[in-house]
Each structure stands twice: as structure tokens, then as C-alpha cells.
Amino acid sequence: MSNKMWGGRFSSGPDAIMEEINASIGFDQRLYKQDIAGSIAHATMLAQTGILTQADRDAIIAGLNEVLAEIEAGTFTFSRSLEDIHMNVESRLRDKIGDAAGRLHTARSRNDQVATDFKLYVRDTIDILITQIETLQLGLVTRAEDEADTIMPGFTHLQSAQPVSLGHHLLAYVEMLGRDAGRFADARKRLNESPLGSAALAGTSYPIDRHMTAEALGFDRPTANSLDAVSDRDFILETLAAAAICAVHLSRFAEELVIWSSAQFGFVRLSDKFSTGSSIMPQKRNPDAAELVRAKIGRILGALTSLIVVMKGLPLAYSKDMQEDKEIAFDALDSLSLSLAAMTGMVGDLTFNRARMHASASAGFSTATDIADWLVREINMPFRDAHHVTGQVVALAEQKGCGLEGLTIEDFKFVDPRIDSRIHKVLTVESSVASRQSYGGTAPANVVVQAARWKTLLTGQPHDPRVLAAKKHGGHGDGGVE
Ligand code: ARG
């Protein structure tokens with residue numbers, strides 16, 4: 001009989017609830033490949049060290065390969081009463097090979113087994129994410145090469161500040177993503193020690209060879225402390241932290257795409273493939289994909305927060321609390337992967353409206369700083385005074401209802417008689433951007449060099465900036481320019 005207070009949905013007593021709260025097979029079945037690889041490495045080692053006969057080893061490995069094939073073919077029946085992937089696989093192995101299956105679990109525990117499986121999974125996922133990040137970077141670099149000379153407003157406080165190269169803006173994200181890939185690679189390095197053979201918590205009395213299983217599974221070495229090995233979840237916390245930071249970067253770029261694709265900005269047009277319509281307003285092109293990428297940080301950071309709270313205060317060694325690590329981590333890493341793919345798609349075929357960006361870059365007296373710099377450079381004015389004089393120039397332009405380039409030399413002389421006609425050279429957005437040649441600055445000449453540097457890093461092929469410069473305005477991949 002189910003509990004009258006809360007058992008309505010259960011057909012039997014507390015054991016059904018126990019099963020529901022306890023089982024992880026609903027989500028950890030995803031670890032089947034890693035679980036079977038770990039078991040094959042373990043069985044091979046047990047035979048090598050004389051703990052298992054060769055005949056048992058052969059039966060176990062053949063049986064595990066059959067189980068793998070069944071799972072991949074979708075014919076395997078996962079059972080909740082068998083709790084998790086480890087016991088589901090082992091139980092099926094027993095169906096197939098009988099008692100020898102029971103020898104597989106010699107000198108290990110589910111505690112070291114799950115830590116091993118999950119590390120292998122996270123390691124594989126990190127490798128995929130790094131590749132995805134690099135693909136997105138390459139997409140951005142390719143667009144940046146073509147947009148080195150495209151001028152857009154640069155913003156601070158989302159107010160027009162100084163004109164910049166669109167290529168430079170795109171390469172800013174390439175830098176962020178480069179650090180993201182580096183963080184994942186760092187996490188992978190620390191992760192890559194094998195817990196297998198730590199057993200339940202204390203190690204084992206069998207003469208196992210942990211170096212052998214570590215090597216077979218591609219780990220750099222076995223973990224050095226069995227208590228730590230079965231209770232360490234740093235590897236997923238670090239990976240989620242890297243994922244959260246990467247998701248923040250994607251979120252910032254997604255937000256820019258949302259703003260830029262609005263009618264008011266009109267800087268970009270997302271392709272039909274990455275836009276949706278409105279069921280009521282026929283004119284709408286909504287940037288749903290960008291909005292969803294912007295939002296995914298919520299669940300990714302949520303996973304990091306959840307798991308770090310789960311781990312807080314847990315006594316050594318393994319506690320079942322740690323089973324809560326997988327479901328949210330899978331969701332977070334899937335979300336990041338999908339976001340990277342969506343962003344790569346959007347970047348590849350969005351269209352930049354160069355004319356619109358240029359017009360916007362010229363508005364708002366965006367070359368005012370260039371006037372101040374000219375006053376410092378050419379008539380040796382202290383920067384603070386130059387700032388003040390330029391403010392008067394801007395006020396005059398505002399009064400006359402023109403841009404800075406619309407002012408005559410008489411206008412300038414009215415503000416400060418020392419200004420001469422050379423000032424006109426620095427008033428265009430082109431000259432402003434071209435002059436920012438300090439290392440890391442926005443000058444197109446710099447952008448071309450940085451794009452080439454990244455292309456070399458990402459493809460392993462040297463890219464000569466002069467070749468790139470010649471190719472500029474050549475083609476735009478899938479995307480185009482209005
Ligand atoms: N399903 C468990 C988990 O994900 C496997 C480890 C179980 N260990 C145990 N002692 N009950 O954490």
C-alpha cells in the first residue's frame with residue numbers, strides 16, 4: 001500500500017520512492033561507452049596481473065562488446081531497478097556469459113568506476129567543445145579578414161565612442177574564445193588522472209596495476225590518493241566554470257546580434273535560416289537563435305552553482321549526493337555545444353550592412369578625440385586643454401546642426417585661432433580608424449595582421465597578411481554585404 005499522505009502516484013510502498021530517488025539510469029545511460037571501455041581496461045589488467053583467468057577475460061570482453069552493440073543498436077532494455085549504467089551493463093553481461101561476469105567487479109567499486117566513466121565523458125566532451133570553439137573562431141576570423149576596412153561605431157556605455165573596424169570587433173570575440181579554449185584545455189590536463197582501482201575508498205589488497213589501466217584509457221597517470229579519487233568532482237566543476245565563462249562570451253555576442261539586427265540599428269541581417277517570423281506581425285524577423293544563445297548562460301551557470309553547492313561540506317569520501325553531478329552537467333555541456341553550433345551558423349551567413357555601420361560611425365561627433373589628439377600633436381597643447389577646446393568645437397557643430405567634418409576652417413579658428421586646415425585630415429572616420437596603430441589597436445593594418453595570426457594558429461597553416469590584404473573584398477563565404 002502506498003503512503004496515504006504522499007503516495008498517490010506510487011503503486012507500492014516506500015521502496016518505489018526509494019527506487020525513484022536512487023536510480024540514475026535515466027541519465028547516466030549516456031556513459032555506456034565510457035563504462036564499457038573502463039570495464040574492458042579493468043578486465044584486461046586483472047588478467048595481466050593474474051587476478052582473472054585469460055578465459056574469463058576473453059568471455060568478459062566479448063560479452064561487453066555484445067552489450068555495447070546492443071546499446072548502440074537501441075535494442076538494450078535499461079532497467080530502473082538496476083539503478084545505474086554500471087549495474088545495467090554488468091547484469092546484461094551476466095545474462096550473456098554467466099558467472100564469469102561476477103568476476104569483473106573484483107578490485108573495483110562503483111565509486112571509482114563512476115568517477116572514471118564521468119572523467120572519460122567530460123574529457124571527450126572537452127575535446128569536442130574545443131573543436132567547436134575553434135570552428136567558431138575560424139568563422140569569425142574569416143569574416144574579420146573581409147571586414148578589416150569596414151567601419152562601425154565603437155561603443156562605451158552603449159554610446160558611440162570612437163569609430164572602429166568591424167574586423168577588430170569580431171576579433172575581440174576570437175580572443176575571448178581563445179581564452180575559453182585554453183581554460184578547457186587546462187581543465188583537461190588536471191582531469192587526466194585515472195581513479196580506476198581506487199576501489200570504494202581505500203584502494204585494494206589485490207595486486208592490481210593501476211598504471212596499466214590508466215594508460216589503456218588514455219590517462220596520464222593514476223590518481224595518487226584513493227580517498228581523493230572517489231570523491232573529487234573538481235574536474236566537472238572546473239569544466240562547468242569554463243563553460244559558464246564561454247557562455248557569457250557567447251551571450252554578449254548574441255546580445256550584440258540582437259541589437260544590431262533591430263530596425264533601429266540595422267547593422268546586420270541574420271539569414272532566414274537563423275531567423276523566425278511572428279505569427280501576428282508579418283513584418284517581423286526575430287533573432288530567436290541569438291536570444292536563446294543569450295539565455296543559455298542561465299542554465300549553464302545554474303549547473304555550476306548547483307554542483308558547487310552539492311559538493312560543499314561533503315565529508316570524504318564518496319557520498320550519494322555526488323550522483324547529482326551528471327544530469328545537470330550533461331544539460332549544461334549540451335547547451336554550450338548547441339550554442340556554439342548556433343553561433344557558428346549565424347556568423348557564417350549573416351549579412352553586414354556596411355553603409356549603415358559607416359553612417360552610424362560618423363554620427364555623434366565620433367572623431368572628437370582625433371581633434372584633441374591633433375591639437376596635442378600639432379600645436380603641443382596639453383591634453384586637458386585640447387579636450388576642452390574640442391568640447392567647444394563639438395558644441396559649435398551641434399549649434400550649426402552639422403557633423404565635425406561639416407565645420408569650416410573659419411569655424412575652427414573661431415574656437416582657437418591656432419588651428420589650421422590640416423585639421424580636416426583627421427575628421428573622417430577612416431583616418432581616425434587608420435591612425436589607431438598602437439599594438440592591439442583597431443587600425444585595419446593591425447586587424448589584417450591579427451586575423452592572419454589567428455588563422456595560422458587555428459589552421460596550422462601560415463597566413464601571410466599581404467596575401468590577405470590582396471584578397472580583401474574578394475568573397476565572403478556564405479554571407480554577403482549589403
Ligand atoms: N550511480 C552512482 C553515481 O552516479 C554510482 C556510484 C554508486 N556508488 C555507491 N556506493 N552507491 O554516483
Side-chain angles (χ1 to χ4, degrees), residues 14-42 64 67 71 76-94 101-102 104-125 191 193-206 213 217 223 225-240 303-304 306-334:
D15 55 340
I17 292 165
M18 181 59 207
E19 189 179 297
E20 180 159 355
I21 194 167
N22 200 34
S24 54
I25 189 62
F27 46 87
D28 70 12
Q29 53 181 266
R30 225 198 243 235
L31 299 176
Y32 73 89
K33 221 183 265 173
Q34 291 79 11
D35 193 70
I36 289 172
S39 288
I40 290 175
H42 187 65
L64 285 170
V67 174
I71 297 176
F76 189 98
T77 314
F78 291 102
S79 157
R80 200 170 76 171
S81 62
L82 291 166
E83 255 186 77
D84 54 27
I85 186 62
H86 324 298
M87 299 214 286
N88 270 267
V89 169
E90 191 180 316
S91 162
R92 187 72 186 125
L93 183 65
R94 183 176 291 273
L104 171 61
H105 214 51
T106 312
R108 77 171 184 192
S109 139
R110 277 188 295 156
N111 297 350
D112 57 336
Q113 194 178 355
V114 73
T116 305
D117 293 3
F118 198 27
K119 274 192 168 183
L120 290 173
Y121 179 90
V122 173
R123 193 179 71 187
D124 291 346
T125 305
L191 163 156
E193 295 186 340
S194 172
L196 193 57
S198 298
L201 75 165
T204 177
S205 56
Y206 294 97
T213 44
L217 295 170
T223 51
N225 183 300
S226 60
L227 292 168
D228 175 47
V230 296
S231 65
D232 162 38
R233 291 294 180 275
D234 292 7
F235 61 95
I236 183 62
L237 292 176
E238 271 194 73
T239 303
L240 289 174
L304 173 60
S306 295
L307 200 51
I308 214 157
V309 173
V310 166
M311 294 308 294
K312 179 200 170 291
L314 272 192
L316 299 186
Y318 177 85
S319 296
K320 195 66 178 247
D321 309 49
M322 288 157 65
Q323 178 169 287
E324 287 286 305
D325 59 0
K326 284 173 282 297
E327 198 172 10
I328 47 180
F330 291 151
D331 178 75
L333 299 176
D334 288 350

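Quick note: residue numbers are just sequence positions, from 1. Whatever order the structure lists them in is the order used to number ligands and atoms, beginning at 1. Note that these values count all heavy atoms, side chains included, but never hydrogens, waters or copies made by symmetry.
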Notebook entry, point to check: Hey, mind stepping through Asp334 and Arg30 against salt bridge (charged side-chain N to carboxylate O under 4.0 Å, His left out) and telling me if it holds?
Noted result: CA-CA 12 Å; Asp334 288 350; Arg30 225 198 243 235; 2.6 Å; yes
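Residues in residues 193-202 take part in these salt bridge (charged side-chain N to carboxylate O under 4.0 Å, His left out) pairs, two or more places apart or across chains: Glu193-Arg221.
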Once you restrict both partners to nitrogen or oxygen, which atoms of ligand 1 have a protein partner under 3.5 Å, and how far apart are they?
unit_1   : atom_1 : unit_2 : atom_2 : d
ligand 1 : 1 (N)  : Ser24  : OG     : 3.2
ligand 1 : 1 (N)  : Asp84  : OD2    : 3.1
ligand 1 : 1 (N)  : Gln323 : OE1    : 2.8
ligand 1 : 4 (O)  : Lys326 : NZ     : 2.6
ligand 1 : 8 (N)  : Asn111 : OD1    : 2.9
ligand 1 : 10 (N) : Asn111 : OD1    : 3.0
ligand 1 : 12 (O) : Tyr318 : OH     : 2.4

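Formation of a donor-acceptor pair under 3.5 Å by the Thr223 side chain with backbone atoms of Ser194 is found in this model.
Contact detail for Ala200 and Val230: the closest heavy-atom pair is O-CG2, 3.6 Å.
Using bins of under 30°, 30° to 60° and over 60° for the plane-to-plane angle, the ring pair Phe78/Phe76 lands in the tilted bin.
At most 12 non-hydrogen atoms from other residues, nucleotides or ligands lie less than 6.0 angstrom from NZ of Lys312.
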